[in-house]
Amino acid sequence: MMTKDLLMSRRAIIASGIALGVSGLAPLARAAAPLKVAGIHASPVENAWNSCLHKALQDAAKEGVIEYVFSEGVSGTDYPRAMREYAEQGNKLIIGEAYAVEKEARQVAADYPDTAFVLGSSGKEEDSNFGVFGTWNYDGAYLAGMLAGKMTKSNVVGSVGAMPIPEVNMLINAFADGVKSVNPDCKHLVAFIGTFFDPPKAREAGLAQIDAGADVLFGERIGTADAAKERKIKAVGSLIDYTPRYPDTVFANALWGFRPILNAAIADVVAGKPVGRNYTAYGLMKEGGSDIVFVKGVAPAEAEAAMEAKRADIKAGKFEVPQNMEQPK
């Protein structure tokens with residue numbers, strides 16, 4: 001359903017998702033009227049990834065920078081149609097995701113050269129009007145792994161992901177690398193649920209990992225923390241801050257903010273510049289687009305100190321977390 005931007009009510013917990021990097025950005029160039037922008041969400045906007053996009057778009061609309069309409073829960077078979085409808089309605093920028101519809105999405109963009117499309121994608125930019133971005137909050141995942149590696153008592157940790165696409169693989173591998181950097185002998189269990197939004201399935205995968213000995217879980221997918229809460233172990237969240245929702249369970253979160261990426265895309269469209277480029281870097285920690293938040297005192301003090309030192313090195317460009325997009329084992 002296509003609807004105008006409304007305040008979320010039952011989604012209030014998700015709406016607390018971050019808008020990292022916004023304060024340090026230069027003011028956006030303003031058009032004579034707010035830019036017409038459409039968001040197409042394959043999952044419900046409660047889904048952590050979609051909530052990051054949705055909140056950034058909502059905030060920009062509240063500030064008068066854009067007019068925002070959106071669809072959620074759009075299936076792969078309907079996605080190209082939704083893209084065409086929004087382009088036909090005169091939206092100048094369409095934000096969404098091409099992971100399941102790479103070929104089809106690129107064909108739609110080719111058919112509407114005067115519309116800017118900036119989509120989450122595992123592929124490259126194309127032509128002048130098809131830009132891409134990745135969800136690179138792997139810096140925070142690495143740092144959370146450093147804490148988890150010093151917290152585990154069973155010497156087994158687990159990760160529950162959506163599916164083995166490059167962005168998800170990189171995130172889970174970064175968490176594992178963080179663990180191994182402080183605890184080389186720790187075992188890392190990995191499970192994929194085969195979809196981007198199925199909290200009950202993620203919970204079941206988490207429970208299976210706990211049964212296999214894991215005592216810290218990395219929840220790349222919503223639902224993992226429910227398993228951790230049920231079995232009274234600790235968990236790490238991804239994309240948004242889950243700690244308010246799971247105060248005794250989620251001790252750290254690898255945050256990601258979409259607003260810096262959105263601001264860059266809006267600025268290009270308003271200035272009449274091509275959007276056929278990769279916007280991913282705006283979401284990196286050293287650019288202020290991602291970070292880690294954690295509850296102090298849960299991990300050992302020396303682990304927190306080592307993590308903070310590494311975080312400072314990442315921000316200063318002195319250390320780069322490995323980008324490993326291979327499917328984790």
Side-chain angles (χ1 to χ4, degrees), residues 17-18 20 48-49 52 135-162 167-184 186-191 202 206 209-210 214-225 227-229 233-257 283-286 289-315 319-324 328:
I18 59 168
L20 289 170
W49 187 86
C52 291
T135 313
W136 285 12
N137 60 320
Y138 63 91
D139 289 328
Y142 181 93
L143 297 175
M146 290 181 66
L147 298 179
K150 287 296 188 179
M151 289 171 56
T152 177
K153 295 180 174 59
S154 65
N155 230 29
V156 180
V157 300
S159 294
V160 177
E167 284 78 11
V168 173
N169 292 345
M170 184 164 58
L171 188 60
I172 291 175
N173 285 329
F175 173 75
D177 286 343
V179 171
K180 297 287 186 181
S181 72
V182 299
N183 186 352
C186 187
K187 184 177 181 181
H188 179 226
L189 307 177
V190 182
Q209 291 183 341
I210 296 169
D215 63 355
V216 182
L217 297 183
F218 175 56
E220 195 274 327
R221 287 296 105 185
I222 286 180
T224 310
K229 179 180 179 181
I233 68 166
K234 298 299 182 183
V236 174
S238 179
L239 298 175
I240 63 174
D241 187 354
Y242 284 95
T243 301
R245 185 174 178 178
Y246 302 93
D248 298 320
T249 302
V250 177
F251 71 95
N253 299 272
L255 303 181
W256 180 69
L284 290 172
M285 183 177 287
K286 65 181 180 180
S290 60
D291 212 333
I292 182 174
V293 293
F294 65 102
V295 181
K296 293 186 177 181
V298 177
E302 62 273 17
E304 291 183 0
M307 183 277 290
E308 287 284 20
K310 189 66 68 176
R311 177 173 175 262
D313 285 345
I314 293 172
K315 285 180 172 287
F319 177 78
E320 291 187 3
V321 174
Q323 296 180 1
N324 180 1

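Note that the structure is a prediction, hence the values are computed from the model and not measured. Computed over heavy atoms, backbone and side chain alike; hydrogens, waters and symmetry mates excluded.
Between Arg245 and Val250 there is no side-chain heavy-atom pair separated by less than 4.5 Å. Side-chain contact between Thr243 and Val293 is absent, with no heavy-atom pair separated by less than 4.5 Å. The closest side-chain heavy-atom distance from Met285 to Leu143 is below 4.5 Å. At a threshold of 4.5 Å between non-hydrogen side-chain atoms, the residues Phe251 and Val236 count as touching. Taking 4.5 Å as the limit, some side-chain heavy atom of Asn137 sits within range of a side-chain heavy atom of Leu171. Between Lys315 and Asp291, some side-chain heavy-atom pair lies under the 4.5 Å cut-off. At a threshold of 4.5 Å between non-hydrogen side-chain atoms, the residues Val157 and Phe218 do not count as touching.
Distance OG1/Thr152 to NZ/Lys187: 12.0 Å, rounded to 0.5 Å. With values rounded to the nearest 0.5 angstrom, Glu320 atom CD is found 12.5 Å from Tyr142 atom OH. To the nearest 0.5 Å, atoms CD1 (Ile233) and CG (Asp215) are separated by 6.5 Å. Between Glu167 atom CD and Gln323 atom CD the span is 10.5 Å, to the nearest 0.5 Å. For the atom pair Leu239 CG and Thr135 OG1, the distance stands at 6.5 Å (nearest 0.5 Å).
Aromatic ring orientation, Tyr246 versus Tyr242: tilted (interplanar angle from 30° to 60°).
Closest approach of Ala214 and Gly158 over heavy atoms only: CB-N, 3.9 Å. Between Val216 and Ala148, the shortest heavy-atom distance links the atoms CG1-CB, 3.8 Å. Contact detail for Ala252 and Ile292: the closest heavy-atom pair is CB-CD1, 4.5 Å. Annotation for Ile240 and Cys52: closest pair CG2-SG, 3.7 Å, computed over non-hydrogen atoms. Summarising the geometry of Ile314 relative to Val321, their closest heavy-atom pair is CD1-CG2, 3.8 Å, with the distance given to 0.1 Å. Here the closest heavy-atom approach between residue Ala235 and residue Ala228 is recorded as CB-CB, 3.7 Å.
If you run side chain to side chain donor-acceptor pair (under 3.5 Å) between Ser159 and each of Gln209, Arg221, His188, only His188 comes through.
Lys229 contributes no side-chain N or O that, together with a main-chain N or O of Lys234, makes up a donor-acceptor pair within less than 3.5 Å. Although no hydrogens or angles enter the test, the distance criterion places a donor-acceptor pair under 3.5 Å between the side chain of Ser290 and the main chain of Gly283. A donor-acceptor contact shorter than 3.5 Å links the side chain of Glu304 to the backbone of Gly297.
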Counting only pairs under 3.5 Å, give me each side-chain donor-acceptor contact of residues 173-181, with atom names and distances, residues two or more places apart or in other chains.
residue	atom	partner	partner atom	Å
Asn173	ND2	Asn169	O	3.1
Asn173	ND2	Asn324	O	2.8
Asn173	ND2	Glu326	O	2.8
Lys180	NZ	Cys186	O	2.3
Ser181	OG	Gly178	O	2.7

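With sequence neighbours left out, Glu308 forms a salt bridge (Lys or Arg N to Asp or Glu O under 4.0 Å) with Arg311. Every side-chain contact (heavy atoms from CB on, under 4.5 Å) that Asp313 has, sequence neighbours left out, goes to Lys318, Phe319.
Remark: Lys286 NZ is loosely packed, at most 12 non-hydrogen atoms of other residues, nucleotides or ligands lying under 6.0 Å away.
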